[in-house]
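Note sheet for the following structure.
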Amino acid sequence: MINFNGEILPNAQAKLHVFNRGFAYGDAVFETIRVNGNVILFWEDHYFRLMASMRILRMRIPMNFTLEYLEKQVLDTVASHGISKSQSVRVKLSVFRDSEGLYTPQKNNIGFFISIAKIDAPFYSLNKIDTTPYEVELFKDHLVAKDILSTLKTNNRVLNVLAGIFAKENGFANMLLLNTDKKVIEATNGNVFLIKGNTIKTPPVSDGCISGILKKQILRILKNNTAFEVKETSISAFELQKADELFVTNVISGITSVSKYRKKQYSSDVSKKILNLLNMDIRLKK
(Lines give C-alpha, C1' and ligand atoms only; values in the text may rest on other atoms or scores of the structure.)
Protein backbone atom coordinates (compact mmCIF):
# COMPACT_ATOMS: atom_id res chain seq x y z
CA MET A 1 0.00 0.00 0.00
CA ILE A 2 1.18 3.52 -0.83
CA ASN A 3 -0.09 6.85 0.43
CA PHE A 4 -0.54 9.10 -2.60
CA ASN A 5 -1.54 12.67 -1.69
CA GLY A 6 -3.35 11.48 1.42
CA GLU A 7 -5.12 8.51 -0.19
CA ILE A 8 -3.88 5.02 0.65
CA LEU A 9 -3.87 2.87 -2.46
CA PRO A 10 -2.61 -0.55 -3.59
CA ASN A 11 0.81 -0.29 -5.20
CA ALA A 12 -0.57 -0.98 -8.68
CA GLN A 13 -2.95 1.99 -8.46
CA ALA A 14 -0.44 4.52 -7.14
CA LYS A 15 1.06 5.80 -10.37
CA LEU A 16 3.12 8.88 -11.19
CA HIS A 17 2.80 10.55 -14.57
CA VAL A 18 5.74 10.01 -16.93
CA PHE A 19 6.29 13.80 -16.92
CA ASN A 20 6.37 14.01 -13.12
CA ARG A 21 8.96 16.66 -12.24
CA GLY A 22 10.57 14.52 -9.57
CA PHE A 23 11.36 11.96 -12.27
CA ALA A 24 12.00 14.32 -15.18
CA TYR A 25 14.11 16.97 -13.40
CA GLY A 26 14.81 15.68 -9.91
CA ASP A 27 12.45 18.40 -8.65
CA ALA A 28 11.67 16.59 -5.40
CA VAL A 29 12.88 16.10 -1.85
CA PHE A 30 12.47 13.12 0.43
CA GLU A 31 12.86 11.92 3.99
CA THR A 32 13.86 8.38 4.90
CA ILE A 33 12.27 7.65 8.26
CA ARG A 34 12.39 4.78 10.72
CA VAL A 35 9.20 3.78 12.53
CA ASN A 36 9.31 1.33 15.44
CA GLY A 37 5.81 -0.07 15.91
CA ASN A 38 3.72 3.10 15.99
CA VAL A 39 6.54 5.44 17.05
CA ILE A 40 8.25 7.63 14.45
CA LEU A 41 11.86 8.11 15.48
CA PHE A 42 13.08 11.72 15.53
CA TRP A 43 9.90 12.90 13.82
CA GLU A 44 10.22 16.61 14.61
CA ASP A 45 13.75 16.69 13.19
CA HIS A 46 12.58 14.98 10.00
CA TYR A 47 9.64 17.33 9.66
CA PHE A 48 11.62 20.53 10.10
CA ARG A 49 14.37 19.33 7.76
CA LEU A 50 11.70 18.59 5.14
CA MET A 51 10.15 22.05 5.56
CA ALA A 52 13.57 23.71 5.29
CA SER A 53 14.37 21.71 2.14
CA MET A 54 11.06 22.67 0.54
CA ARG A 55 11.67 26.35 1.27
CA ILE A 56 15.16 26.22 -0.21
CA LEU A 57 13.69 24.66 -3.37
CA ARG A 58 10.99 27.37 -3.40
CA MET A 59 8.15 24.88 -3.13
CA ARG A 60 4.79 26.21 -1.97
CA ILE A 61 4.09 24.52 1.36
CA PRO A 62 0.34 23.75 1.71
CA MET A 63 -1.40 25.10 4.80
CA ASN A 64 -2.36 21.57 5.86
CA PHE A 65 1.27 20.35 5.77
CA THR A 66 1.54 20.57 9.54
CA LEU A 67 3.62 18.41 11.83
CA GLU A 68 0.47 16.62 12.99
CA TYR A 69 -0.96 16.11 9.50
CA LEU A 70 2.14 14.46 8.05
CA GLU A 71 2.65 12.40 11.21
CA LYS A 72 -0.87 11.02 10.79
CA GLN A 73 -0.23 10.30 7.10
CA VAL A 74 2.90 8.33 7.97
CA LEU A 75 1.25 6.35 10.79
CA ASP A 76 -1.89 5.65 8.74
CA THR A 77 0.29 4.27 5.94
CA VAL A 78 2.20 2.09 8.40
CA ALA A 79 -1.08 0.85 9.90
CA SER A 80 -2.35 -0.10 6.42
CA HIS A 81 0.46 -2.68 6.27
CA GLY A 82 -0.63 -4.35 9.51
CA ILE A 83 2.63 -3.53 11.31
CA SER A 84 2.74 -4.74 14.92
CA LYS A 85 4.28 -2.84 17.82
CA SER A 86 7.30 -5.16 17.77
CA GLN A 87 8.08 -4.50 14.10
CA SER A 88 10.04 -1.69 12.48
CA VAL A 89 9.67 -0.19 9.02
CA ARG A 90 11.52 2.08 6.64
CA VAL A 91 9.32 4.93 5.47
CA LYS A 92 10.10 7.10 2.45
CA LEU A 93 8.19 10.37 2.36
CA SER A 94 8.68 12.05 -1.02
CA VAL A 95 7.48 15.53 -1.92
CA PHE A 96 7.55 16.68 -5.55
CA ARG A 97 6.58 19.84 -7.41
CA ASP A 98 3.31 18.88 -9.10
CA SER A 99 3.29 20.98 -12.25
CA GLU A 100 3.76 20.91 -15.98
CA GLY A 101 6.60 22.84 -17.60
CA LEU A 102 10.18 22.32 -18.62
CA TYR A 103 13.01 23.51 -16.37
CA THR A 104 10.72 26.29 -15.21
CA PRO A 105 7.50 24.92 -13.67
CA GLN A 106 4.20 26.50 -14.71
CA LYS A 107 2.88 26.25 -11.17
CA ASN A 108 4.33 25.75 -7.71
CA ASN A 109 1.92 23.16 -6.34
CA ILE A 110 3.26 20.04 -4.61
CA GLY A 111 2.27 16.42 -4.28
CA PHE A 112 3.56 13.64 -2.04
CA PHE A 113 3.68 9.91 -1.59
CA ILE A 114 4.68 7.61 1.27
CA SER A 115 6.05 4.10 0.77
CA ILE A 116 6.88 1.41 3.33
CA ALA A 117 9.42 -1.41 3.64
CA LYS A 118 9.86 -3.71 6.65
CA ILE A 119 13.05 -3.81 8.76
CA ASP A 120 14.12 -6.91 10.69
CA ALA A 121 15.52 -5.49 13.94
CA PRO A 122 13.34 -3.37 16.27
CA PHE A 123 16.42 -1.57 17.66
CA TYR A 124 19.81 -0.60 16.32
CA SER A 125 22.55 -3.21 16.50
CA LEU A 126 26.19 -2.93 15.52
CA ASN A 127 27.48 -4.96 12.59
CA LYS A 128 30.09 -7.59 13.54
CA ILE A 129 33.26 -6.54 11.73
CA ASP A 130 35.24 -9.47 13.13
CA THR A 131 33.09 -11.94 11.17
CA THR A 132 31.71 -9.75 8.36
CA PRO A 133 34.26 -7.22 7.08
CA TYR A 134 33.00 -3.77 6.08
CA GLU A 135 35.64 -2.23 3.84
CA VAL A 136 35.40 1.27 2.35
CA GLU A 137 37.30 3.23 -0.27
CA LEU A 138 37.37 6.80 -1.57
CA PHE A 139 35.16 7.62 -4.55
CA LYS A 140 37.24 9.93 -6.72
CA ASP A 141 35.37 9.88 -10.03
CA HIS A 142 33.10 12.79 -9.07
CA LEU A 143 33.23 15.40 -6.30
CA VAL A 144 30.45 16.95 -4.20
CA ALA A 145 30.06 20.73 -4.41
CA LYS A 146 30.33 22.70 -1.16
CA ASP A 147 26.87 24.12 -1.67
CA ILE A 148 23.60 24.21 0.26
CA LEU A 149 21.90 22.05 -2.41
CA SER A 150 24.38 19.25 -1.66
CA THR A 151 23.12 19.14 1.93
CA LEU A 152 19.51 18.43 0.89
CA LYS A 153 17.95 15.02 0.29
CA THR A 154 16.73 15.66 -3.24
CA ASN A 155 16.11 13.26 -6.13
CA ASN A 156 19.41 14.43 -7.63
CA ARG A 157 21.48 11.55 -6.17
CA VAL A 158 23.24 10.31 -9.29
CA LEU A 159 26.68 10.73 -7.68
CA ASN A 160 25.61 8.39 -4.87
CA VAL A 161 24.26 5.93 -7.43
CA LEU A 162 27.57 5.88 -9.31
CA ALA A 163 29.50 5.47 -6.05
CA GLY A 164 27.26 2.56 -5.09
CA ILE A 165 27.83 0.86 -8.46
CA PHE A 166 31.58 1.39 -8.11
CA ALA A 167 31.53 -0.22 -4.65
CA LYS A 168 29.54 -3.21 -5.92
CA GLU A 169 31.80 -3.75 -8.93
CA ASN A 170 34.99 -3.54 -6.86
CA GLY A 171 33.98 -5.49 -3.75
CA PHE A 172 33.66 -2.63 -1.26
CA ALA A 173 30.90 -2.36 1.32
CA ASN A 174 30.63 1.40 0.90
CA MET A 175 32.32 4.43 -0.62
CA LEU A 176 33.45 7.66 1.02
CA LEU A 177 32.57 10.80 -0.91
CA LEU A 178 34.87 13.80 -1.33
CA ASN A 179 33.99 17.46 -1.80
CA THR A 180 35.68 19.85 -4.20
CA ASP A 181 38.35 20.54 -1.56
CA LYS A 182 39.12 16.79 -1.53
CA LYS A 183 37.83 16.47 2.06
CA VAL A 184 35.96 13.36 3.18
CA ILE A 185 32.35 14.43 3.78
CA GLU A 186 30.13 11.33 3.98
CA ALA A 187 29.47 7.81 2.72
CA THR A 188 27.07 6.93 -0.09
CA ASN A 189 24.27 6.29 2.42
CA GLY A 190 25.10 8.23 5.56
CA ASN A 191 27.26 10.56 7.59
CA VAL A 192 30.79 9.70 8.69
CA PHE A 193 32.35 9.80 12.16
CA LEU A 194 36.07 9.34 12.81
CA ILE A 195 37.51 8.40 16.22
CA LYS A 196 41.11 9.00 17.29
CA GLY A 197 41.80 8.51 20.99
CA ASN A 198 39.07 10.38 22.87
CA THR A 199 38.37 12.75 19.96
CA ILE A 200 35.35 12.17 17.72
CA LYS A 201 35.20 14.11 14.46
CA THR A 202 32.49 14.49 11.84
CA PRO A 203 32.41 16.86 8.85
CA PRO A 204 30.33 20.07 9.16
CA VAL A 205 27.36 20.71 6.86
CA SER A 206 29.35 23.59 5.35
CA ASP A 207 31.61 20.97 3.73
CA GLY A 208 28.64 19.79 1.62
CA CYS A 209 27.46 16.70 3.52
CA ILE A 210 23.83 15.81 4.16
CA SER A 211 22.42 17.35 7.33
CA GLY A 212 21.83 13.92 8.85
CA ILE A 213 19.09 13.27 11.40
CA LEU A 214 20.95 10.51 13.24
CA LYS A 215 24.16 12.53 13.12
CA LYS A 216 22.27 15.28 14.95
CA GLN A 217 21.11 12.82 17.63
CA ILE A 218 24.60 11.44 18.19
CA LEU A 219 26.11 14.92 18.49
CA ARG A 220 23.40 15.83 20.99
CA ILE A 221 23.99 12.68 23.07
CA LEU A 222 27.77 13.17 23.10
CA LYS A 223 27.63 16.91 23.77
CA ASN A 224 27.69 16.57 27.56
CA ASN A 225 29.74 13.37 27.69
CA THR A 226 33.07 14.35 29.22
CA ALA A 227 34.72 11.10 28.06
CA PHE A 228 34.91 12.44 24.50
CA GLU A 229 35.90 15.61 22.70
CA VAL A 230 33.49 16.06 19.81
CA LYS A 231 34.37 18.24 16.81
CA GLU A 232 32.47 19.17 13.67
CA THR A 233 35.42 19.80 11.42
CA SER A 234 36.80 18.85 8.01
CA ILE A 235 38.38 15.40 7.65
CA SER A 236 41.24 14.75 5.24
CA ALA A 237 41.80 11.41 3.55
CA PHE A 238 45.16 11.22 5.33
CA GLU A 239 43.38 11.12 8.71
CA LEU A 240 41.60 7.90 7.76
CA GLN A 241 44.92 6.04 7.99
CA LYS A 242 45.54 7.38 11.50
CA ALA A 243 42.08 6.83 13.00
CA ASP A 244 41.22 4.17 15.59
CA GLU A 245 37.63 3.78 14.42
CA LEU A 246 35.38 4.90 11.59
CA PHE A 247 31.62 4.53 11.38
CA VAL A 248 28.71 5.52 9.15
CA THR A 249 25.32 6.67 10.43
CA ASN A 250 21.78 6.86 9.08
CA VAL A 251 18.35 6.53 10.68
CA ILE A 252 17.63 3.11 9.16
CA SER A 253 20.83 1.19 10.02
CA GLY A 254 21.90 3.29 13.00
CA ILE A 255 25.68 2.95 13.35
CA THR A 256 27.68 0.84 10.90
CA SER A 257 31.26 0.24 11.95
CA VAL A 258 33.93 0.24 9.24
CA SER A 259 36.47 -2.59 9.47
CA LYS A 260 39.01 -1.54 6.85
CA TYR A 261 40.21 1.29 4.64
CA ARG A 262 43.08 0.22 2.41
CA LYS A 263 45.71 -1.25 4.78
CA LYS A 264 44.17 0.30 7.90
CA GLN A 265 42.19 -2.04 10.17
CA TYR A 266 39.69 -0.46 12.61
CA SER A 267 38.24 -1.58 15.93
CA SER A 268 34.67 -0.87 17.08
CA ASP A 269 34.94 -0.51 20.87
CA VAL A 270 33.89 3.14 21.08
CA SER A 271 31.27 2.66 18.38
CA LYS A 272 29.59 0.03 20.57
CA LYS A 273 29.47 2.46 23.51
CA ILE A 274 27.94 5.18 21.37
CA LEU A 275 25.37 2.74 19.98
CA ASN A 276 24.35 1.75 23.52
CA LEU A 277 23.91 5.42 24.42
CA LEU A 278 21.78 5.92 21.32
CA ASN A 279 19.49 2.95 22.01
CA MET A 280 19.14 4.02 25.63
CA ASP A 281 18.16 7.51 24.50
CA ILE A 282 15.50 6.08 22.17
CA ARG A 283 14.04 3.85 24.90
CA LEU A 284 13.82 6.77 27.34
CA LYS A 285 11.83 8.82 24.82
CA LYS A 286 9.19 6.15 24.32
Side-chain angles (χ1 to χ4, degrees), residues 1-120 122 152-158 160-161 189 210-211 213-214 250-253 286:
M1 304 294 284
I2 289 180
N3 186 323
F4 190 77
N5 290 329
E7 183 179 3
I8 297 176
L9 304 168
N11 290 4
Q13 295 182 25
K15 297 179 180 179
L16 293 175
H17 196 279
V18 68
F19 295 123
N20 178 272
R21 296 187 62 82
F23 169 75
Y25 302 109
D27 192 4
V29 293
F30 67 93
E31 289 290 320
T32 306
I33 303 162
R34 183 179 178 119
V35 179
N36 290 345
N38 60 353
V39 177
I40 306 175
L41 298 192
F42 324 123
W43 170 238
E44 287 192 5
D45 291 312
H46 279 293
Y47 175 79
F48 288 116
R49 184 173 70 172
L50 177 64
M51 293 301 105
S53 299
M54 291 175 68
R55 290 189 183 98
I56 291 170
L57 293 190
R58 299 181 179 272
M59 290 180 172
R60 180 178 297 152
I61 302 175
M63 292 296 292
N64 70 330
F65 248 46
T66 63
L67 180 80
E68 294 77 15
Y69 172 78
L70 288 180
E71 179 180 27
K72 185 176 187 304
Q73 294 301 317
V74 170
L75 292 178
D76 285 351
T77 310
V78 172
S80 73
H81 285 251
I83 304 299
S84 69
K85 290 185 178 182
S86 61
Q87 289 182 302
S88 296
V89 294
R90 176 187 184 273
V91 174
K92 186 174 183 180
L93 167 58
S94 296
V95 178
F96 54 90
R97 206 181 318 260
D98 194 10
S99 171
E100 296 180 351
L102 301 177
Y103 285 139
T104 304
Q106 294 179 5
K107 298 180 181 179
N108 203 13
N109 300 329
I110 65 97
F112 73 92
F113 65 87
I114 302 171
S115 58
I116 305 290
K118 291 183 180 180
I119 302 172
D120 293 333
L152 307 182
K153 299 196 76 170
T154 72
N155 279 23
N156 293 290
R157 311 309 298 174
V158 68
N160 300 65
V161 171
N189 64 341
I210 291 291
S211 180
I213 298 300
L214 197 68
N250 64 56
V251 295
I252 303 302
S253 302
K286 273 198 165 187

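For the single chain, residues carry numbers from 1 onward in sequence order.
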Tell me, yes or no, whether the heavy-atom count around [X] atom [atom1], taken from other residues, nucleotides or ligands under 6.0 Å, exceeds 12.
X	atom1	value
F19	CZ	no
F23	CZ	no
N64	CG	yes

Closest approach of [X] and [Y], non-hydrogen atoms and distance?
X	Y	result
S53	L152	OG-CD2, 3.7 Å
K118	I83	CE-CD1, 3.7 Å
S88	R34	OG-NH2, 3.7 Å
G101	R21	O-NH1, 3.5 Å
R90	I252	CG-CD1, 3.6 Å
R157	I210	NH2-CD1, 3.7 Å

Would you compute the distance between atom [atom1] of [X] and atom [atom2] of [Y] and round it to the nearest 0.5 angstrom?
X	Y	atom1	atom2	value
T77	I8	OG1	CD1	4.5 Å
I114	D76	CD1	CG	8.5 Å
N3	I116	CG	CD1	8.5 Å
L50	W43	CG	CH2	7.0 Å
T66	M51	OG1	CE	9.0 Å
N189	S253	CG	OG	6.5 Å

Any heavy-atom pair between the side chains of [Y] and [X] that's under 4.5 Å?
X	Y	result
I110	D98	no
V89	H81	no
L16	F113	yes
L214	V251	yes
L57	R97	yes
M59	D27	yes

Exercise. Going by the side chain to side chain donor-acceptor pair (under 3.5 Å) test, name the single residue among H46, K153, K92 that passes it with E31.
Key: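 Output: one option passes, namely H46.
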
Quiz item: Angle class for the F65/F112 ring planes (parallel below 30°, perpendicular above 60°, tilted otherwise)?
Solution: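 Geometry flag for F112 against F65: perpendicular rings.
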
Practice problem: Determine yes or no for a side-chain-to-main-chain donor-acceptor pair under 3.5 angstrom, with N108 supplying the side chain and R58 the backbone. | Solution: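 Indeed, once roles are kept as given, a pair shorter than 3.5 Å links the two residues.
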
Exercise. Please check if the side chain of Q87 supplies one atom and the backbone of S84 the other of a donor-acceptor pair under 3.5 Å.
Key: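 Pair found, side chain donor or acceptor close to backbone of S84.
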
